[in-house]
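Values in this document were obtained by computation on a predicted structure and should not be read as measured data.
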Amino acid sequence: MSTIRLTMAQALVRYLCNQFTEIDGRREPLFPGVFAIFGHGNVTCLSEALEAVKETLPTWRGQNEQSMALAAIGFAKATRRRQIMVATSSIGPGALNMVTAAGVAHTNRLPVLLLAGDSFVNRRPDPVMQQVEHFGNPTITVNDAFKAVTRYWDRITHPEQIIASLPQAVAVMLDPADCGPAFLALPQDVQEIAWDYPESFFAPTVHKAPRPRPDRDSLAEAVRVLKAAKRPLIISGGGVRYSGAETALAAFAEKHGIPLCETIAGKGTVTHDHPAHVGPIGIVGSTSANALAGEADVVLAVGTRLMDFTTGSWTAFSPDARFVSINAARWDASKHRAVAVVGDALETVGELQAAIGDYRADAGWTEKGRREFARWNEALDGYQKPTNAPVPTYAQVVGIVNAKAGERDLLITAAGGLPGEVMKNWRVKAPNTFDCEFGFSCMGYEIAAGWGAAMADPTRTPIVMIGDGTYMMMNSDIYSTVLSGHKMILIVCDNGGYAVINRLQNAKGTPGFNNLIKDCRVKEPFAVDFAKHAEAMGALTRRVDSLADLGEAVEWAKGTDRTTVLTIVSDAFTWTPGDAWWDVGVPQVSARAEVNAAAADQQASRRKQRVGV
């Protein structure tokens, strides 16, 4: 057997350099780059290996371990899981900073390879700097924290182990059912060890994500249920986009007269004005989709895990509605006693189309979808209409930015008030131009994801929308994007604190407390000058005082040569109305009458929930 002598770190890097994927007929690197912050746990061995291949496998310096891993996740979303970025940290706090990002990737079924340094296997110098010590179990390190938030976890305690481990990590990240983050702990002393690796281990390999076809009997049962439906509804989830099934599902819906709505991850499956589209569904959804959900007799859920924001905490549907769930993951397909059709969305929709024949939903139902959606669009026009009010609403701000956005510009947001506002008010102009991370609702995802998305496709501009609270939480990748030349446009809506959670707090009977800055224990509230702050990191900036100025500023930002930040003061109390319910904990007893009333309302709504069916 022909071998080559390499350190474990060198062998790991060489393996990554020889993995490829096929995108639209082109061979591309499966691992196109590494986000890295080096510390003593990865700088002497892993960085030596990465430096040697810096032209083949570029390394990008992050500012924060969490945000660089989030940038890798934004990259994965932008490439629709076809390429995987790597994020590496030292041991201790650097590694733990990536745990939150791992949770984002795990919840959203997104691939990222996380490599963290670890303490010594030989334990000779123990305890080393940043090593936690468990008196009863010396094998535990901070890296064990990743076990709860990764799909694949391994600690490499011998250099030969990567021969078995790396292919398994790749297989998990490419599997449409098990897709999620993979984590390898790399002890410092093992990184340095030289080993005779088989040359065949480094043979160039082209990977293709599998497309499992559905079980025939399950498909036949799904066809039987759908053919009996008078009022069917399609829910399109993120899995539709990752499968590349957007066109097939949209054509299926239109041909059979079935209204199509979208989840948060699925928004962007179709354009806003597609004939079958009836808007987003659920808690941050449209009155049109929610009205149809309440009357649907059969719900065809494609590529969605049916989270509470989609289902209105399982109050959005008729108690008698049947579910047919198409999903690559058995776990998701089998929820709530659905007819589970386990398979790739594109393959399964194609076979469903061939089997269902000339079936069409009741014409009155199809027309009802169009009428409800027309009413919703009319309502949006009213919410977005500019006024002379001194402080604009989120709906007005989103409407202006949406109008000025190009057809291919990618909208990115995550936590806070903006997910609900863009879900309702952003009218998608082209498929796959919308990224709202709300599976984990991770504040801090947005700017980092903008960096990753700009890196994934430099031909389009990410438009990142955040609130002031998110800006304060994680903004350092503004500097990263200027350093690296990956432009985005950042819109900062300053509403004086954590306004949307203040809204929830107020709605459940508690007066404003510790959310808006004015309601916090402070010496004197004051606003941050976000434009000046961003300018100090190298961005071009502009403070905007009106909606008219905002439109002009967005046009200016589209023509700049680097990341551009626009800030605007926005209303903390006016939100686009919704009509779905959300189940949250409300105190059953309180000294406040408002809390007791909210608790009674909560209990009344819980009686409407579907329980496991």
Once side chain to side chain donor-acceptor pair (under 3.5 Å) is applied, what residue pairs with a partner in [range] remain, sequence neighbours excluded?
range            : answer
residues 488-502 : Tyr394-Asn495, Asn502-Asn506
residues 322-331 : none
residues 588-600 : none

Around Met472, counting heavy atoms of other residues, nucleotides and ligands shown, do more than 12 lie under 6.0 Å from its CE?
-> no

Apply the test side chain to side chain donor-acceptor pair (under 3.5 Å) to residues Thr574 and Thr393: give CA-CA distance (whole Å), side-chain angles for both, the deciding distance (0.1 Å), then the verdict.
-> CA-CA 6 Å; Thr574 303; Thr393 66; over 6 Å; no

Test item: [X] side-chain N/O and [Y] main-chain N/O as donor-acceptor pair under 3.5 Å:
X      : Y      : answer
His277 : His272 : yes
Arg241 : Ala265 : yes
Thr567 : Ala531 : no
Lys77  : Ala453 : no
Arg610 : Ser318 : yes

Inter-residue atom distance [X].[atom1] - [Y].[atom2], 0.5 Å rounding:
X      : Y      : atom1 : atom2 : value
Leu411 : Ile489 : CG    : CD1   : 11.0 Å
Trp426 : Leu380 : CH2   : CG    : 13.5 Å
Met423 : Thr576 : CE    : OG1   : 12.5 Å
Asp381 : Asn425 : CG    : CG    : 10.0 Å
Ile281 : Ser286 : CD1   : OG    : 8.0 Å
Asp273 : Phe373 : CG    : CZ    : 8.0 Å

Side-chain heavy atoms of Ile568 within contact of Pro392, under 4.5 Å | yes

Do you know which two heavy atoms are closest between [X] and [Y], and how far apart they sit?
X      : Y      : answer
Tyr445 : Ile412 : CE2-CG2, 4.2 Å
Trp365 : Pro259 : NE1-CD, 3.4 Å
Gln396 : Gln384 : CG-O, 3.8 Å
Leu550 : Val401 : CD2-CG2, 4.2 Å

With sequence neighbours excluded, tell me which residues meet ring pair (Phe, Tyr, Trp, His ring centres under 6.0 Å) with Trp582.
-> Phe309

Under the ring pair (Phe, Tyr, Trp, His ring centres under 6.0 Å) test, residues paired with Phe146 that sit two or more places apart = Phe183

Criterion salt bridge (charged side-chain N to carboxylate O under 4.0 Å, His left out) on Arg542 and Asp549, from CA distance to verdict | CA-CA 10 Å; Arg542 186 174 291 185; Asp549 291 343; over 6 Å; no

Test side-chain contact (heavy atoms from CB on, under 4.5 Å) applied to Glu295 and Lys368, step by step = CA-CA 11 Å; Glu295 296 184 29; Lys368 179 180 175 64; 3.2 Å; yes

Derivation of the side-chain contact (heavy atoms from CB on, under 4.5 Å) call for Leu110 and Tyr242 = CA-CA 10 Å; Leu110 292 167; Tyr242 298 137; 3.3 Å; yes

Check the pair Gln609, Asp583 against side-chain contact (heavy atoms from CB on, under 4.5 Å), reporting the backbone distance first and the verdict last.
-> CA-CA 10 Å; Gln609 289 177 296; Asp583 196 356; 3.2 Å; yes

Is a side-chain donor-acceptor pair under 3.5 Å present for Arg427 with Asn402?
-> no

Applying side chain to side chain donor-acceptor pair (under 3.5 Å) to Glu221 and not counting sequence neighbours gives Arg224

Begin from the C-alpha positions of Ser67 and Asp477 and carry the test side chain to side chain donor-acceptor pair (under 3.5 Å) through to its verdict.
-> CA-CA 7 Å; Ser67 70; Asp477 281 325; 2.9 Å; yes

Anything under 30° is parallel, anything over 60° is perpendicular, the rest tilted; go ahead and classify His533 against Tyr471.
-> perpendicular

